[in-house]
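Here is the structure we will look at.
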There are 2 protein chains.
Amino acid sequence: MIILLVEDDTVLATHSINFLAQEGIEVDYASTVKQAQAISEQQQYDAIVLDINLPDGDGLSLAKLWQGTRDEPILFLSARDKLDDKLKAFSLGALDYLTKPFALAELAVRIKLLANKTLVKKSTTFKLDSLSVDLQAKIITRGQRVIILSPQQWLLLSLLIEHYPNPVNKSCIINHIWPDEDTNNNMYKSLLTRLRTNLSRDEEVPLLHTLKKQGLVLRVANA
Amino acid sequence: MIILLVEDDTVLATHSINFLAQEGIEVDYASTVKQAQAISEQQQYDAIVLDINLPDGDGLSLAKLWQGTRDEPILFLSARDKLDDKLKAFSLGALDYLTKPFALAELAVRIKLLANKTLVKKSTTFKLDSLSVDLQAKIITRGQRVIILSPQQWLLLSLLIEHYPNPVNKSCIINHIWPDEDTNNNMYKSLLTRLRTNLSRDEEVPLLHTLKKQGLVLRVANA
DNA sequence: CTATACTGTTACCTTGCGGTTACCTCTACT
DNA sequence: AGTAGAGGTAACCGCAAGGTAACAGTATAG
């Protein structure tokens, strides 16, 4: 795991680098905006730690510059705990914000957290096997076939996609689709059958599987 | 977007709920551990906000309880900023930790972050020999073979993984799987046999061993 | 007003979970 | 040895959960 640290306080930086090394985190280090830009150009990191106050600019503008071009998770450091700064940082795509002084152990934990998370590309289309779902346009296709779903079926499918690849509890589905009404197991069963027959026709691989007592899940058939 | 807030300070809770509502975040609210368990049972949230100090327990143990069974991102609140608490929280799968007092705006931003941008979490897969268990997606494989477990068997396996590499007491298992019913030793024996035959077929190394008078343990060697 | 689709309801079938029983081995103890 | 108790395996089978199809009531459109 390798990160980029941009921090002008050399004492703090040294301590951090040493501590993170113990935790198995490699660190590229820059003390100014200019340096950061130069160093970072040829490398992709697991995370970037940015101080806000820098001698030749600030971390926020650096983040703004990188917005769109770099996709590393960013954690901001700052001595100020002004709310405005925090909100601005988050609006610039920061994923975390730590106020000085902080414990190095906490920094390490938060860095690891960011590095392990894969950022969500807000992709609007979901694909599984030959199924393709455009979540915004609400267009569903299986191979060449266009699938039209009833409102309930769409609700269920999008719920499953939202939690993919994890299963969703039956009771949770029922609450989601029939928030008010009395729950009736048969309604659930019917809906399920209808969605199934719409998603998989003929020889197409079934995608909707129930794990008994555990829930419903989207996945390609398991051998 | 809907979240679960568990917080015993009703004033703070009220303010939070109102503020979050303005931000378009719906809130289910519980003030105790018991309430939280009851309310949360039939619902899946976009995020869970847990206070650490609660009248009838603490948020940490609640998180521990939910580990593996729920897949919501958890943000902890606490008046204490003791490092130990923070580290413990993160080790229990927390994705964020906010120290009181905090700005409601910051809470809202962090909640949105958790709910929107961390859909793909680090995969929590447990591996032992050729066995691989994805605790979130509930997918179990042994080598190339996909294993499907009954609800009871899944419960037992996840309990063993939770305590790995330590053995689990027999009475503890029985309490966990049959919390209410009359315990019958044969039920336990059957379950055990069934899980064994599912986990290890043919020439595969057995992984489920009982240590006499101590309990059940997952491990490779049988000595 | 007719036609169509959506959804709740009912009836019936299939599956396999899990409690039960029977029988086995192995160890510990008298 | 004999016996008791724990652990392990295999087979049986009732029954609830899951799955399907058909029907009916109610929208909604054209």
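In what follows, every chain begins at residue 1, and chains take the letters A, B, ... in the order their sequences are listed.
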task = Sequence neighbours left out, what passes side-chain hydrogen bond (donor to acceptor under 3.5 Å, both in side chains) with B:Asp8? Give chain and number order.
result = none

key: Crowding at CD, A:Gln43 (>12 non-hydrogen neighbours, <6.0 Å)   = yes

query = How close or far is atom P of C:dC6 from atom CD1 of A:Ile177, stated in whole angstroms?
reply = 15 Å

remark   = Residues at least two apart in sequence or cross-chain that pass side-chain hydrogen bond (donor to acceptor under 3.5 Å, both in side chains) with B:Asn185, listed by chain then number, are B:Lys170

note = The contact string for nucleotides 25-30 of chain D, one letter per nucleotide 5' to 3', using protein heavy atoms under 4.0 Å with B, S and - for base, sugar-phosphate only and none, comes out as ------

ask   = Got a sec, which pairs hit salt bridge (charged side-chain N to carboxylate O under 4.0 Å, His left out) with one end in residues 194-208 of chain B, sequence neighbours left out?
value = B:Arg145-B:Glu204

key: For A:Asp129, salt bridge (charged side-chain N to carboxylate O under 4.0 Å, His left out) partners two or more places apart   = A:Arg142

A:Ser190 side-chain N/O to A:Met187 backbone N/O, donor-acceptor pair under 3.5 Å = no

message = I need the CD1-P distance between B:Ile148 and D:dA17, as an integer number of Å.
response = 20 Å

task = Output all residues satisfying side chain to side chain contact (heavy atoms under 4.5 Å, CB included) with A:Leu87, sequence neighbours left out; order by chain, then residue number.
result = A:Leu83, B:Ala105, B:Val109

message = Going by salt bridge (charged side-chain N to carboxylate O under 4.0 Å, His left out), name the residues that satisfy it together with A:Asp46, two or more places apart in sequence or in a different chain.
response = none

Run the side-chain donor-acceptor check on residues 17-28 of chain B: report pairs under 3.5 Å with partners two or more places apart or on a different chain.
| from | atom 1 | to | atom 2 | distance (Å) |
| --- | --- | --- | --- | --- |
| B:Asn18 | ND2 | B:Thr14 | O | 3.3 |
| B:Glu23 | OE1 | B:Lys112 | NZ | 2.7 |
| B:Asp28 | OD2 | B:Tyr45 | OH | 2.8 |

message = Is the phosphate of C:dG19 approached by B:Gln152 (side-chain N or O, under 4.0 Å from OP1 or OP2)?
response = yes

query = Between atom CG in B:Leu156 and atom P in C:dG18, what is the gap in whole Å?
reply = 12 Å

inquiry  = Angle between the end axes of the helix from C:dC1-D:dG30 to C:dT30-D:dA1, five pairs per end, to the nearest 10 degrees?
reply    = 20°

query = Would you say a side-chain N or O of A:Ser150 is under 4.0 Å from OP1 or OP2 of C:dT7?
reply = yes

key: All side chain to side chain contact (heavy atoms under 4.5 Å, CB included) counterparts of B:Asn166, not counting sequence neighbours   = none

Report all interatomic pairs (protein N or O, nucleotide N or O of nucleotides 4-13 of chain D) with separations under 3.5 Å.
| from | atom 1 | to | atom 2 | distance (Å) |
| --- | --- | --- | --- | --- |
| D:dG7 | OP2 | B:Lys170 | NZ | 2.7 |
| D:dG8 | OP1 | B:Arg196 | NH2 | 3.1 |
| D:dG8 | OP1 | B:Thr210 | OG1 | 3.1 |
| D:dG8 | N7 | B:Lys189 | NZ | 3.3 |
| D:dG8 | O6 | B:Lys189 | NZ | 2.7 |

query = To the nearest angstrom, how far is B:Trp178 atom CH2 from C:dT20 atom C1'?
reply = 13 Å

message = Rounding to an integer number of Å, can you tell me how far A:Leu191 CG sits from D:dG18 P?
response = 14 Å

key: Length of the line joining A:Gln214:CD and C:dG16:C1', which is rounded to integer Å   = 14 Å

note = B:Phe102 meets the ring pair (Phe, Tyr, Trp, His ring centres under 6.0 Å) criterion, sequence neighbours left out, with none

task = Starting from C1' on D:dA17, measure out to CG on A:Asn184 and report it in whole angstrom.
result = 14 Å

query = What is the distance from CD1 of B:Ile174 to C1' of C:dG18, rounded to the nearest Å?
reply = 15 Å

